[in-house]
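Step one of this worksheet: look at the structure below.
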Amino acid sequence: FDNNISLPVQLVPAQFLGGTEGEFAEVQFGTRYNAAYGLEASLPLVNVSSWKNISSATLAQKAAASQQAERELSVAEQAITAYYFALLSREATNISEDLVNAADSLLAAAKVRLENGLIEPMEYNGVKAIHLESLSQLTSHRGAFRKNVQTLKTLAGISRADSLVLSETITVSMQHQANPSQLAIGVKALPEFQMFSNRHLQSVEELKRQRATVLPELSLFARYSQQAFSNNYDILSNDQPWYEI
């Protein structure tokens, strides 16, 4: 809707309009109010680059699905690794506790022998060094066990404040897998391979799309509209004639 507030007025010879020669008449070109409505539609008939966009988007969707599968496999591998590391560190902790107990007995016996003059201080210091080394290994294995358990809790979505009981031992686990079956899986079946393969195909389609942008395109375009002109504000009334364009 256009409102032409000020329209120019021209003076033309009146005889052009059937008037008296030598006189002039005021002529206004256009109307103050103009209204128009219409509909436009465009349909691409041949657009090669858009076709390539569809192919590229389809491959991107497959790559995203493969990437999700690869992430899930990676998390599962991390959880399995943390689980068996926890079993191993707990087994190492138990062994270290036995070694510490044995070193305590040896250190107590060496101390008695030292006080009775049966051994030299150097021999006693050697036994004490073994005792300290066993304590250091026990502390290290306990820390590794706590770390692996916390990692397993994080991967499993368990709160760090909750307890996690590992009922299986590494010895029982190895007995259950005495005859492990060979994995019959190829490289092409891995999700990561599928992801990068789809991304490669996507880049090829994207290159084809870029090359297709220079090709000619063909589209169907249609337009229909109507307009009305008036010097009165009732231009939108039903009595106002509308002209098709």
Side-chain angles (χ1 to χ4, degrees), residues 52-107 127-210:
K52 294 302 179 182
N53 275 339
I54 297 177
S55 301
S56 178
T58 302
L59 291 172
Q61 185 179 10
K62 292 181 180 179
S66 301
Q67 184 177 10
Q68 181 180 359
E70 191 271 335
R71 290 289 183 268
E72 293 176 355
L73 179 61
S74 177
V75 172
E77 291 175 350
Q78 294 177 19
I80 293 173
T81 302
Y83 174 74
Y84 282 103
F85 276 177
L87 296 183
L88 286 171
S89 57
R90 185 178 61 181
E91 192 71 18
T93 301
N94 296 333
I95 296 175
S96 296
E97 290 177 351
D98 295 337
L99 292 177
V100 169
N101 293 332
D104 287 340
S105 300
L106 292 176
L107 183 61
V127 176
K128 188 175 182 180
I130 295 176
H131 178 264
L132 294 176
E133 183 178 0
S134 61
L135 286 176
S136 176
Q137 291 181 354
L138 177 60
T139 303
S140 176
H141 293 322
R142 284 177 176 174
F145 175 72
R146 288 193 297 268
K147 176 184 177 181
N148 293 322
V149 170
Q150 294 297 339
T151 302
L152 188 59
K153 286 182 179 181
T154 302
L155 294 173
I158 302 176
S159 175
R160 289 179 175 268
D162 296 337
S163 62
L164 179 62
V165 179
L166 303 179
S167 60
E168 189 178 22
T169 61
I170 192 66
T171 305
V172 175
S173 177
M174 294 176 62
Q175 291 176 354
H176 290 169
Q177 300 179 3
N179 297 317
S181 59
Q182 185 177 2
L183 293 177
I185 183 173
V187 178
K188 294 183 178 181
L190 294 176
E192 187 174 7
F193 179 87
Q194 296 290 338
M195 177 184 64
F196 285 111
S197 178
N198 289 325
R199 286 183 178 178
H200 171 70
L201 295 177
Q202 181 186 4
S203 63
V204 173
E205 291 296 323
E206 182 65 20
L207 177 61
K208 293 180 180 179
R209 187 190 70 83
Q210 294 294 338

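Being a predicted model, the structure only gives us computed values, none of them experimental. All residue numbers in this chain count up from 1 along the given sequence.
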Q) So how far is it from L152 CG to I80 CD1, rounded to the nearest 0.5 Å? A) 10.5 Å
**Q.** Nearest-0.5 Å distance, CG of residue L99 to CG of residue N94
**A.** 11.0 Å
(Q) Can you confirm whether the side chains of E206 and Q202 place a donor and an acceptor under 3.5 Å from each other? (A) no
Q) Okay, side chain of S56, backbone of K52: is any donor-acceptor separation there less than 3.5 Å? A) no
(Q) Less than 4.5 Å apart, side chain to side chain, heavy atoms only: is that true for E168 and Y83? (A) yes
**Q.** H131/L106 under side chain to side chain contact (heavy atoms under 4.5 Å, CB included): CA gap, chis, key distance, verdict
**A.** CA-CA 8 Å; H131 178 264; L106 292 176; over 6 Å; no
Q | Approximate separation, where rounding is to 0.5 Å, of L73 CG and Q78 CD | A | 10.0 Å
**Q.** Spatial distance of atom CZ (R90) from atom CZ (R142) [nearest 0.5 Å]
**A.** 14.0 Å
Q | Closest heavy-atom pair and its distance - V100, S134 | A | CG2-O, 3.5 Å
Q.
Taking CD in E97 as the centre, count heavy atoms belonging to other residues, nucleotides or ligands within less than 6.0 Å. Is the count above 12?
A. yes
Q. Closest heavy-atom contact between S96 and H141?
A. OG-CD2, 2.7 Å
Q: Over all heavy atoms of both residues, which pair between D162 and I158 is shortest? Give the atoms and the distance, please.
A: CB-CG2, 3.7 Å
Q. Which is it for E70 and F193 under the side chain to side chain contact (heavy atoms under 4.5 Å, CB included) test, yes or no, and what are the steps along the way?
A. CA-CA 9 Å; E70 191 271 335; F193 179 87; over 6 Å; no
Q: For residues T81 and T151, determine if any side-chain heavy atom of one lies less than 4.5 Å from a side-chain heavy atom of the other.
A: no
Q: Evaluate whether atom NZ of K153 has more than 12 neighbouring non-hydrogen atoms of other residues, nucleotides or ligands under 6.0 angstrom away.
A: yes
Q) Are L87 and T169 close enough, and set up right, to give a side chain to side chain contact (heavy atoms under 4.5 Å, CB included), and what steps lead you there? A) CA-CA 6 Å; L87 296 183; T169 61; 6.0 Å; no
Q) About how many Å separate CG of L59 and NE2 of H200, when rounded to the nearest 0.5 Å? A) 10.5 Å
Q | Candidate pair T154 and R160, rule side chain to side chain contact (heavy atoms under 4.5 Å, CB included), full reasoning | A | CA-CA 7 Å; T154 302; R160 289 179 175 268; 3.8 Å; yes
(Q) Would you say that M195 contacts Q68 through its side chain, given a criterion of any heavy-atom pair below 4.5 Å between the two side chains? (A) no
(Q) Quick check against the 3.5 Å criterion: does T93 have a side-chain atom that pairs as donor or acceptor with the backbone of S89? (A) yes
(Q) Less than 4.5 Å apart, side chain to side chain, heavy atoms only: is that true for L166 and F145? (A) yes
Q) CG of N198 to CD of Q61: how many Å apart, nearest 0.5 Å? A) 10.5 Å
